[in-house]
Amino acid sequence: MHPEVDELRPKLKEILYDCAVEIHATKAALFLLNSATRKYDMVTEYGFRSAIRHSAGSNDPLVDRCSRGRSAFFVNNPGAEPRLSELLFEAATERLLGVPIFSRGQLVGFLDIRDKAHKEPFDQQDISKAQSIADRILRVFANKNIWNQRFITLSDAGPVPIPRGVPPAAPPPPAAPPKSAATHEEPKVLTEARNAVARILTPQTPEKIGPAEMAAVDDALRSILLLPGAVTAVFTATGDGTQEVSSRGTMTQDALTAMQLKLQTWLTKRGESVAALQTTLTTPVGLTMPPITVSQLEKVFTAPVNSTKFRG
């Protein structure tokens, strides 16, 4: 592992403990990419008591799932993700929350979070909290190029060494006195450059979906549920993480997880992704059927909704 990672290990463990404070997870581990071996080494953990692998390659099921989905996910039933059931069995756990850590489009690590206290299942709120913890970990390496990613750092840059035998540069000539405000006029190219930098530093945020738009969405979802055979209708805005789920009955956690996996797979094929989702469950036509299970989601139809006013 990179020497700078070893130096930062106490700070990383401190951040990892937020999984216990904010998510109430009984176990959590942080894996980071080792550029030399191209494997993901466990940097720090708590709660596992050595019942966890210390390195994960590209064939590791959790690495593969994080690479494909590119967003946090949870599994509350080992049967829902057969490829992950072995990892759950090895650590004597029943629930898993995986959080990929991407830097400049590359998977540089992931969080392996297990079992909430009191055997509670993971939910969408846990995903947003876990993603926030992963973001804090990534910020620790903001100006440290440990994954051989070429970038220009704007801070922590030391003085450039001068080779031996090269005389020091002559001091610059004294600056000319500033012109008065009345006669000074900034060049056009400099003005355009400043505006470009301002747009980079303070990017414009797309307009968020408001109550008026969500009212139209609710009407559309209710109309879809009136179609024969329809048991649930879902609207997802990847831009701001809004998700509205309308169904004819309450949805079991397994059914909700299966639906989210189908959505993530569809988004991945389109080259898109969504991180944390704020999901709202409603039954606009009343409870007209028993709780919806995975077996009742026989067909899933997915289609994009494009708008010039909103992104995602």
Side-chain angles (χ1 to χ4, degrees), residues 61 64-65 68-85 94-98 120-128 208-312:
D64 178 67
R65 178 67 177 82
R68 289 186 295 105
R70 301 182 66 87
S71 60
F73 69 97
F74 57 82
V75 176
N76 288 320
N77 182 358
E81 284 274 2
R83 291 198 62 195
L84 297 174
S85 59
E94 298 179 356
R95 291 163 295 280
L96 179 148
L97 173 58
E120 295 181 359
F122 291 114
D123 53 34
Q124 290 297 325
Q125 292 185 349
D126 296 326
I127 284 184
S128 60
K208 292 185 177 293
I209 295 178
E213 289 77 20
M214 289 309 301
V217 168
D218 292 337
D219 290 341
L221 296 181
R222 187 178 187 280
S223 300
I224 294 173
L225 287 181
L226 298 178
L227 296 174
V231 297
T232 183
V234 183
F235 171 81
T236 304
T238 59
D240 56 6
T242 299
Q243 185 176 68
E244 190 81 8
V245 179
S246 299
S247 58
R248 288 182 171 273
T250 58
M251 296 189 66
T252 63
Q253 184 59 53
D254 291 345
L256 190 59
T257 300
M259 184 195 67
Q260 299 289 11
L261 289 176
K262 290 182 179 293
L263 172 65
Q264 295 289 359
T265 302
W266 182 79
L267 286 172
T268 301
K269 291 180 179 179
R270 290 173 50 85
E272 302 176 9
S273 63
V274 57
L277 285 175
Q278 297 294 331
T279 303
T280 303
L281 304 175
T282 61
T283 53
V285 297
L287 297 175
T288 60
M289 62 183 298
I292 300 171
T293 61
V294 177
S295 60
Q296 292 169 289
L297 302 180
E298 298 177 355
K299 296 285 185 179
V300 178
F301 300 94
T302 313
V305 179
N306 298 317
S307 173
T308 57
K309 188 177 181 182
F310 306 98
R311 295 182 185 175

Practice task
Examine distances only and state if a side-chain atom of S247 and a backbone atom of G249 form a donor-acceptor pair shorter than 3.5 Å.
Solution key: yes
Completion exercise
When rounded to the nearest 0.5 Å, the distance separating CD1 of I127 from OG1 of T279 is 8.0 Å
Practice task
State whether a side-chain donor-acceptor pair under 3.5 Å links T252 with T293.
Solution key: no
Handout entry: Side-chain donor or acceptor of R248 paired with backbone N/O of L225 under 3.5 Å
Key = yes
Practice task
Ignoring hydrogens and angles, tell me if any N or O in the side chain of D219 forms a donor-acceptor pair with the backbone of A216 under 3.5 Å.
Solution key: no
Fill in the blank from the handout: The reported gap from OG1 in T232 to CG in L221 (rounded to nearest 0.5 angstrom) is 8.5 Å
Problem - Min side-chain heavy-atom separation V231-L297 under 4.5 Å - result: yes
Handout entry: Donor on one side chain, acceptor on other, Q260 and Q243, under 3.5 Å
Key = yes
Exercise for the section: Can you measure from CG (L96) to CZ (F74) and round to the nearest 0.5 angstrom? Expected result: 11.5 Å
Exercise for the section: Could you please spell out the steps behind the side chain to side chain contact (heavy atoms under 4.5 Å, CB included) verdict for F122 and Q253? Expected result: CA-CA 9 Å; F122 291 114; Q253 184 59 53; over 6 Å; no
Practice task
Could you tell me whether Q125 atom CD has more than 12 heavy atoms of other residues or ligands within 6.0 Å of it?
Solution key: no
Handout entry: Derivation and outcome, side chain to side chain contact (heavy atoms under 4.5 Å, CB included), residues V300 and T302
Key = CA-CA 6 Å; V300 178; T302 313; 3.9 Å; yes
